[in-house]
Amino acid sequence: MQRDNTNSGIMYKNTDDWQIVQQGKLNLDGEEHRIIGVKRKNKDGQPMIEIYRAMGTLKANDDKQGDKSPDAKGVVNKIMDKGAMTISAWKEKSEKGNAYTSLKLREFSNEFNQDTQQTT
């Protein structure tokens with residue numbers, strides 16, 4: 001019999017050479033999301049930045065009652081993905097000279113696949 005993993009998960013120490021290189025906000029369908037950009041390599045060894053959306057928080061449980069009490073507690077927001085979109089990015093500088101990356105989303109289409117193949 002297979003174990004039911006619904007509403008459960010696991011975290012482990014990252015052994016890959018990943019680096020958080022950017023942080024910011026992304027407006028997705030009118031809703032603001034906190035995001036981070038993680039620099040890593042894809043399966044072919046090419047460098048890329050993977051975007052992660054914040055989904056919750058976890059902090060130490062200062063009111064631990066015993067061995068069976070959790071070591072940490074938090075809140076997780078439900079995330080309902082409703083399909084894919086394409087994302088484009090531009091390196092820019094603010095008026096004060098601070099570097100940032102501007103992001104733009106649009107509906108996913110086959111044009112994205114053609115554009116990606118032509119530029120790579």
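Residue numbers count from 1 along this sequence.
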Checklist entry - Short question: side chain of Glu50, backbone of Met48 - any donor-acceptor pair under 3.5 Å? => result no
Checklist entry - Under 3.5 Å, is there a donor-acceptor pair between the side chain of Asn5 and the main chain of Ser8? => result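 Checking the backbone N and O of Ser8 against the side chain of Asn5, no donor-acceptor pair under 3.5 Å is found.
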Item to check | Distance (rounded to the nearest 0.5 Å) between Arg34 CZ and Glu32 CD | outcome: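 Reported to 0.5 Å precision, the distance equals 11.5 Å.
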Next on the checklist: Once rounded to the nearest 0.5 Å, what's the spacing between atom CG of Asn77 and atom CZ of Arg53?
Outcome noted: 10.0 Å
Next on the checklist: If you apply the rule side-chain contact (heavy atoms from CB on, under 4.5 Å), what do you find for Ile35 with Leu103, and how did you get there?
Outcome noted: CA-CA 11 Å; Ile35 59 172; Leu103 305 172; 3.8 Å; yes
Item to check | Taking every non-hydrogen atom, the tightest pair across Ser69 and Gln65 | outcome: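 Closest approach of Ser69 to Gln65: OG-N, 3.2 Å.
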Item to check | Pairing of Asp17 and Arg40 as salt bridge, 4.0 angstrom limit | outcome: no
Checklist entry - Under the side-chain contact (heavy atoms from CB on, under 4.5 Å) criterion, do Asn61 and Lys64 qualify, and how do the steps go? => result CA-CA 6 Å; Asn61 180 9; Lys64 192 169 165 128; 4.3 Å; yes
Taking side chain as C-beta onward, heavy atoms only, is [X] less than 4.5 Å from [Y]?
X: Ile49; Y: Val38; value: no
X: Leu58; Y: Lys73; value: no
X: Trp90; Y: Lys104; value: yes
X: Met85; Y: Arg106; value: no

Next on the checklist: Please check if the number of heavy atoms outside Ile20 that lie under 6.0 Å from its CD1 is greater than 12.
Outcome noted: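 No, the 6.0 Å shell around CD1 holds no more than 12 heavy atoms from other groups.
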Item to check | Asn7 atom CG, over 12 foreign heavy atoms within 6.0 Å | outcome: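 No, because the 6.0 Å sphere around CG of Asn7 holds 12 heavy atoms or fewer from other groups.
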Checklist entry - Do Thr101 and Gln22 pass the side-chain contact (heavy atoms from CB on, under 4.5 Å) test, and can you show the C-alpha distance, the side-chain angles, and the key distance before you say yes or no? => result CA-CA 9 Å; Thr101 304; Gln22 295 175 305; 2.7 Å; yes
Next on the checklist: As a quick check of understanding, evaluate side-chain contact (heavy atoms from CB on, under 4.5 Å) for His33 and Lys25, giving each step before the final call.
Outcome noted: CA-CA 6 Å; His33 297 275; Lys25 303 185 286 188; over 6 Å; no
Checklist entry - With Leu105, which of Leu26, Asp29, Thr86 fulfils side chain to side chain contact (heavy atoms under 4.5 Å, CB included)? => result Leu26
